[in-house]
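Some notes on the structure that comes next.
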Amino acid sequence: MSETQCCENPPTLSTRSVGIGCVAEIGGLKAHIAGPSDAKLAVLLVSDVVGYEAPKLRKLADKVASRGFYVVVPHFIYGDPYVPDNPERPNAVWRQSHGTVCFDFQFKSLSV
């Protein structure tokens, strides 16, 4: 996170599915997945510090999927979104607990 803009007006998070997508496990991570599984093209959407539980992000994934793309929004922050109202975990503390992570994805065949 380079700036605080995404933290100034955080969304209300929801674990419920929104729209046409669903939550499934893919590559060892929970992810919001939308679109036809036989699509020829895929889009990987990556969330900011609030994670994939932001309803507008999932709605965006659904909108892209409605154009025929297979869309995956992985839950890279493992159920620990940044919560601006938590005084015990200010931004600097939250960032230390998440560090920098490098993922090595190998998309051979995805089955959901």
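Closest heavy-atom contact between Gly35 and Tyr70: O-CD1, 3.9 Å. Closest heavy-atom contact between Leu29 and Pro74: CD1-CB, 4.0 Å. Closest approach of Ala39 to Gly68, counting heavy atoms only: CB-O, 3.3 Å. A pairwise comparison of heavy atoms in Gly21 and Ala34 identifies CA-CB, 3.9 Å as the closest pair.
Looking at residues two or more places apart in sequence or on another chain, you find a side-chain contact (heavy atoms from CB on, under 4.5 Å) between Asp38 and Pro36. Ala31 is linked by a side-chain contact (heavy atoms from CB on, under 4.5 Å) to Ile26, Ile33, Val72, counting only residues two or more places apart in sequence or in another chain. Listed by chain and number, the residues in a salt bridge (Lys or Arg N to Asp or Glu O under 4.0 Å) with Arg67 amount to none (sequence neighbours excluded).
Taken to the nearest 0.5 Å, the CG atom of Leu45 stands 9.0 Å off from the NE2 atom of His32. In this structure, CG in Leu60 is found 12.0 Å from OG in Ser47, a value given to the nearest 0.5 Å.
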